[in-house]
Every structure is written in structure tokens, then in C-alpha cells.
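Order of appearance sets the numbers: ligands from 1, and atoms from 1 within every ligand. FYI, the numbering just counts along the sequence from 1. The analysis underlying the following values was restricted to heavy atoms, covering all of them including side chains, and did not include hydrogens, waters or symmetry mates.
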Amino acid sequence: QDKEKDKNVLIVYLSRTNNTKFIAESIHKRVGGTILPLELKTPYPEDYKAIVDQVTQENESGFLPELKTKINLADYDVIFVGFPTWGMRLPPPIKSFLHADGFRGKTIIPLNSNAGYGIGSSFDQLKALVPNSSVLDGYSTKGGVERDTILNVMEGEKAKQVEADVLNWLERLGF
Ligand SMILES: Cc1cc2nc3c(=O)[nH]c(=O)nc-3n(C[C@H](O)[C@H](O)[C@H](O)COP(=O)(O)O)c2cc1C
């Protein structure tokens, strides 16, 4: 079997306050490949309360927001998928992304930041959406707490710790 690092890698991430983006960039430094932010046709509101309400509604109705970012999945074998925990669930735009055809036979690797309440059901939801892919062990760490106006925490000691953790994790996965 090919080593993971010899395959075509895509790192796609959703990040509002750049904590998840930092993790994605740490992965990119080690494994290379293509790194892309997942952008929406209609961006979420800036206001925290407004986005929380909107995401709650979208989860209740099963709404899948339309993505602006277009990706040709056939170009990639390994896809890192980064996202914050939103409402203890998988953010709706990640559901939109994973609903596309073309994940069969791919290796999918989740990565996450959250306000300290963990991944919730997000990794399980991800797995359920790509039943024909091989989903490897994900990485998760505490990021910002936007509710308390703590936005990007990925600097100084925290940034160093995350970079070290990411390297260990990638090595375990064979990168
Ligand atoms: C709409 C919304 C819902 C959130 N829900 C949760 C949650 O349920 N649990 C949690 O731990 N953090 C929650 N958070 C906090 C984010 O997961 C956390 O700040 C994360 O680090 C943000 O990542 P980002 O900087 O890449 O956007 C929520 C944030 C937003 C904007």
C-alpha cells in the first residue's frame, strides 16, 4: 500500500475566527498538498447570537447552505476536513460539502476546534455522511470562546502546543 504522504492531499476547512484555520495550516506545513477555505454563497452573519440562531434553525430543518468553493474531488486521495464544533454538531456547510458525490474510496481525516465542550456528535456525523470512505482518527483541541469574545487563541504557547500535537498525530497516521 502507498504511504499516506505519497498521495494527493486536500486540506479543506471552515473557520470563522481562524482557530481551525491554524490547525489546517499546521497540517499543510507538514504534508503539503492543496489547502482551501470552505466559503459560502451567502456568508453567515457577523453577530454571534445571529449565527447561533441561524445554525440552530438550519440543523432543525436539515438545510444545506450552498457553497461558493468548488472542488474537483477526483484530484485527491486524502482529504482533511476541518471545522469548529457548532451547536455540538457538524456545521451545516460541512454537511453540504460531504453530501457531494465522489468520496467513494477516499481517505477522510477530520480536525476540529471548539470552545472546550469537545467534538459533540460532529465526528460521528461526518463518518455517517461518507460511508464509502475510510475515516481516520481525527484531531481536536480547544479553540476560541466567541460567546465570551475570546476569538483566535492560536498564538504563543498554545500555538506551539498545537503544532507539536499535530505533528505527533500526523506521524501516527503515517504522514
Ligand atoms: C454558531 C457557533 C456555535 C458554536 N457551538 C459550540 C458548541 O456547541 N460547543 C463548543 O465547544 N464550541 C462551540 N462554538 C465555539 C467554536 O467551536 C470555537 O470558538 C472554535 O474554536 C471556533 O473555530 P474557528 O475559529 O475556526 O471558527 C460555537 C461557535 C459558533 C460560532
Q: Identify, by atom number and element, the atoms of ligand 1 in contact range of Thr20, meaning under 4.0 Å from any of its heavy atoms.
A: 23 (O), 24 (P), 26 (O)
(Q) Side chains of Asp53 and Gln57: any donor to acceptor distance under 3.5 Å? (A) no
Q. When you check the side-chain N and O atoms of Lys158 and Asn152, is any donor under 3.5 Å from an acceptor?
A. no
Q) Hey, what do you get for CD (Gln54) to NZ (Lys49), rounding to the nearest 0.5 Å? A) 12.0 Å
Q. Would you say the side-chain atoms of Asp77 and Thr107 include a donor-acceptor pair closer than 3.5 Å?
A. no
Q | Worked verdict on Phe97 versus Tyr13 for ring-ring contact (aromatic ring centres under 6.0 Å, His included) | A | CA-CA 10 Å; Phe97 175 61; Tyr13 64 91; over 10 Å; no
Q. Counting from 1, what ligand 1 atoms have a heavy atom of Pro84 closer than 4.0 Å?
A. 17 (O), 20 (C), 22 (C), 23 (O), 27 (O)
Q: Identify, for atom 15 (C) of ligand 1, the protein heavy atom at the shortest distance, and state residue, atom and that distance.
A: Ala115 CB, 3.7 Å
Q: Take Glu146 and Arg16 through the test salt bridge (Lys or Arg N to Asp or Glu O under 4.0 Å) and record every step on the way to the result.
A: CA-CA 10 Å; Glu146 192 176 343; Arg16 173 175 160 89; 2.9 Å; yes
**Q.** Val78 vs Asn8 side-chain heavy atoms within contact, under 4.5 Å
**A.** no
Q: Name the closest protein heavy atom to atom 14 (N) of ligand 1, giving the residue it belongs to and the distance to 0.1 Å.
A: Thr85 O, 3.3 Å
Q: Determine whether any heavy atom of Phe22 lies closer than 4.0 Å to an atom of ligand 1.
A: no
Q.
Pairing donors with acceptors under 3.5 angstrom, does anything connect the side chains of Glu157 and Gln161?
A. no
Q.
Tell me whether the rings of Phe80 and Phe175 are parallel (<30°), tilted (30 to 60°) or perpendicular (>60°).
A. tilted
**Q.** Sub-4.0 Å atoms of ligand 1 with respect to non-hydrogen atoms of Gly143
**A.** 21 (O)
Q. For Gly120, is the nearest heavy atom under 4.0 Å from an atom of ligand 1?
A. no
Q.
I need the atoms of ligand 1 closer than 4.0 Å to a non-hydrogen atom of Gly116, numbered in the order shown.
A. 11 (O)
Q. Can you list the residues that meet the ring pair (Phe, Tyr, Trp, His ring centres under 6.0 Å) rule with Phe22, with sequence neighbours excluded?
A. none
Q. To which protein heavy atom is atom 19 (O) of ligand 1 closest, and what is the distance rounded to 0.1 Å?
A. Gly144 O, 2.7 Å
(Q) To check your reading of the model: name the closest protein heavy atom to atom 23 (O) of ligand 1, its residue, and the distance in Å. (A) Ser113 OG, 3.1 Å
Q. After noting the C-alpha distance and the side-chain angles of Lys127 and Ile108, does the key distance pass the side-chain contact (heavy atoms from CB on, under 4.5 Å) rule?
A. CA-CA 9 Å; Lys127 281 190 197 118; Ile108 312 278; over 6 Å; no
**Q.** Protein contact of atom 25 (O) of ligand 1 - nearest heavy atom, named by residue and atom, plus distance
**A.** Thr17 OG1, 2.5 Å
Q. With respect to Ser113, which candidate in Asn19, Thr20, Thr17 satisfies the side chain to side chain donor-acceptor pair (under 3.5 Å) definition?
A. Thr20
Q.
Distance under 4.0 Å to a non-hydrogen atom of Ser15: what atoms of ligand 1 satisfy this?
A. 24 (P), 25 (O), 26 (O), 27 (O)
Q) For ligand 1, is there an N or O atom under 3.5 Å from any N or O atom of Val55? A) no
Q.
Only heavy atoms of Arg16, strictly under 4.0 Å: list the atoms of ligand 1 that pass.
A. 24 (P), 26 (O), 27 (O), 31 (C)
Q: Decide whether an N or O pair under 3.5 Å exists between Asn18 and ligand 1.
A: yes
Q. Taking heavy atoms and a distance under 4.0 Å, where does Tyr48 meet ligand 1: side chain, backbone, both or neither?
A. side chain
Q: Identify, for atom 9 (N) of ligand 1, the protein heavy atom at the shortest distance, and state residue, atom and that distance.
A: Met88 SD, 3.2 Å
Q | Pairwise side-chain contact, Tyr76 with Val9, heavy-atom cut-off 4.5 Å (strictly under) | A | no
Q. Nearest protein heavy-atom contact for atom 29 (C) of ligand 1: which residue, which atom, what distance?
A. Trp86 CD1, 3.7 Å
Q. Among all protein non-hydrogen atoms, which one is nearest to atom 5 (N) of ligand 1, and what is the separation to 0.1 Å?
A. Gly87 N, 2.9 Å
Q: Would you mind listing which atoms of ligand 1 come within a distance below 4.0 Å of any non-hydrogen atom of Val52?
A: 1 (C)
Q | Atoms of ligand 1 close to Glu146 [distance to a heavy atom under 4.0 angstrom, numbered from 1] | A | 31 (C)
